[in-house]
Amino acid sequence: KVFGLVGASNTVDADPTGNKFQPSARNVNILQELCPGSTVYLNAKVGANPESEAPLVEQTLANNNLDYIILDPSANGQPEYGFTPERYKAAAINLAKMVKDKNKNIKVIMLTNTPTKGAAYGYGDPGTIQKIKIFNNDLLKNKLGRPDLIDYAVDTYSAIESSPGSDTCGYCGTDKGGLGDGIHFWISGRRKVMQAVMNTVFGSPVGGTSQAVSGSTAS
């Protein structure tokens, strides 16, 4: 299968200077490991939000014959004095619409925002956390009201939450290889997120995700 992968800082496979991360930390490699034989086209930008990701989606769709596209709208734009909930939601829906307008057969996979409690720059503020939860709940329960555009909604919040109800990232601490800022995770967190994608799209693994996916129509 051919995947597109669009997102922000937790999706990029290189640091701000352009140096590639070690292979085990690259989302492209993680996804290919979980879904053997797949091809992945990644387009991500540090600081991107669901509005500024639109050109990234356009570029990803331009020359690639995709089967699936994974959209990570990111928590950027969610801080209390950032986007309104309506603006954020509309921008996320637009990303999915761009895909379906290009090719209705491409399956759209949209990720929830991940936990941010304790993070700086407004990401850990109670108002921000509430906005994130409202968006996530809408996505998971209602596909933002557009099931015609969003084929799969993936709960990445629960996947990397330190414990149920904590609202904190369990993979963002330096002890887990994260940046210690409460919002950016590293190899373990990235694997949890991509595992959640595979489980949601292809079903819970039996004997490991790689086996489950390679044994389905995904390989």
Side-chain angles (χ1 to χ4, degrees), residues 1-23 25-78 82-83 87-114 135 139 143-154 156 184 190-191 193-198 200-202 213-214 216-219:
K1 295 297 182 181
V2 182
F3 291 86
L5 176 57
V6 175
S9 53
N10 276 324
T11 307
V12 294
D13 275 351
D15 66 23
T17 64
N19 293 319
K20 279 280 190 180
F21 293 147
Q22 63 196 74
R26 299 176 194 171
N27 275 313
V28 168
N29 292 350
I30 293 170
L31 189 53
Q32 288 176 327
E33 177 187 322
L34 294 174
C35 189
S38 62
T39 300
V40 183
Y41 295 97
L42 184 147
N43 209 336
K45 185 178 180 181
V46 173
N49 58 58
E51 285 188 352
S52 60
E53 285 177 3
L56 305 181
V57 171
E58 186 175 12
Q59 293 163 14
T60 306
L61 293 170
N63 301 307
N64 304 310
N65 187 21
L66 305 178
D67 296 302
Y68 300 88
I69 188 164
I70 302 168
L71 303 175
D72 179 7
S74 166
N76 294 324
Q78 289 283 40
F83 292 1
R87 178 181 170 186
Y88 186 94
K89 177 179 176 176
I93 290 172
N94 181 61
L95 297 179
K97 185 176 185 299
M98 290 175 65
V99 178
K100 293 298 187 180
D101 284 349
K102 174 74 173 182
N103 184 342
K104 63 181 177 59
N105 294 320
I106 299 174
K107 299 297 185 183
V108 173
I109 304 164
M110 187 171 288
L111 311 185
T112 62
N113 293 171
T114 48
F135 172 79
L139 175 59
K143 295 184 178 176
L144 305 182
R146 297 303 304 266
D148 56 319
L149 301 178
I150 300 170
D151 297 286
Y152 301 97
V154 181
T156 60
H184 291 103
R190 287 176 168 223
R191 286 187 176 279
V193 166
M194 289 304 160
Q195 183 88 59
V197 171
M198 292 294 102
T200 300
V201 176
F202 300 109
V213 174
S214 63
S216 71
T217 58
S219 59

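Just the heavy atoms: all of them, side chains too, but no hydrogens, waters or symmetry mates, feed the values below. Fair warning: this is a prediction, and the values are worked out from it, not measured in the lab.
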Closest approach of [X] to [Y] (non-hydrogen atoms, all atoms of both residues):
{"X": "Q32", "Y": "S38", "value": "NE2-O, 3.3 Å"}
{"X": "Y88", "Y": "N76", "value": "CE1-O, 3.5 Å"}
{"X": "T156", "Y": "T114", "value": "OG1-CG2, 3.5 Å"}
{"X": "S52", "Y": "P55", "value": "O-CD, 3.2 Å"}
{"X": "S74", "Y": "N113", "value": "O-ND2, 3.3 Å"}
{"X": "A8", "Y": "G47", "value": "CB-N, 4.5 Å"}

Could you grab the distance from atom [atom1] of [X] to atom [atom2] of [Y], nearest 0.5 Å is fine?
{"X": "D13", "Y": "N43", "atom1": "CG", "atom2": "CG", "value": "11.5 Å"}
{"X": "M110", "Y": "L144", "atom1": "CE", "atom2": "CG", "value": "6.0 Å"}
{"X": "M194", "Y": "T11", "atom1": "CE", "atom2": "OG1", "value": "6.0 Å"}
{"X": "D151", "Y": "K107", "atom1": "CG", "atom2": "NZ", "value": "5.0 Å"}
{"X": "I70", "Y": "N27", "atom1": "CD1", "atom2": "CG", "value": "8.5 Å"}
{"X": "S9", "Y": "H184", "atom1": "OG", "atom2": "NE2", "value": "2.5 Å"}

Is there a side chain to side chain contact (heavy atoms under 4.5 Å, CB included) between T60 and L66 once you walk through the steps?
CA-CA 9 Å; T60 306; L66 305 178; 4.1 Å; yes

Within the side chain of N49, is there an N or O that forms a donor-acceptor pair under 3.5 Å with the backbone of E51?
yes

Has R190 got a side-chain atom pairing as donor or acceptor with R26's backbone, closer than 3.5 angstrom?
no

Aromatic rings Y68 and Y152: how do their planes relate, parallel, tilted or perpendicular, breaks at 30° and 60°?
tilted

So for atom NZ, which belongs to K100, do other residues, nucleotides or ligands contribute more than 12 heavy atoms lying within a distance under 6.0 Å?
yes

Could you check I150 against L139 for side chain to side chain contact (heavy atoms under 4.5 Å, CB included), going step by step and ending with a plain yes or no?
CA-CA 9 Å; I150 300 170; L139 175 59; 4.1 Å; yes

When V6 is tested against each of E58, Q59, E53 for side-chain contact (heavy atoms from CB on, under 4.5 Å), which residue passes?
E53

Would you say that N64 contacts T39 through its side chain, given a criterion of any heavy-atom pair below 4.5 Å between the two side chains?
no

Within the structure provided, determine whether L149 and V108 are in side-chain contact (heavy-atom separation under 4.5 Å).
no

Hey, mind stepping through V201 and I109 against side chain to side chain contact (heavy atoms under 4.5 Å, CB included) and telling me if it holds?
CA-CA 8 Å; V201 176; I109 304 164; 3.6 Å; yes

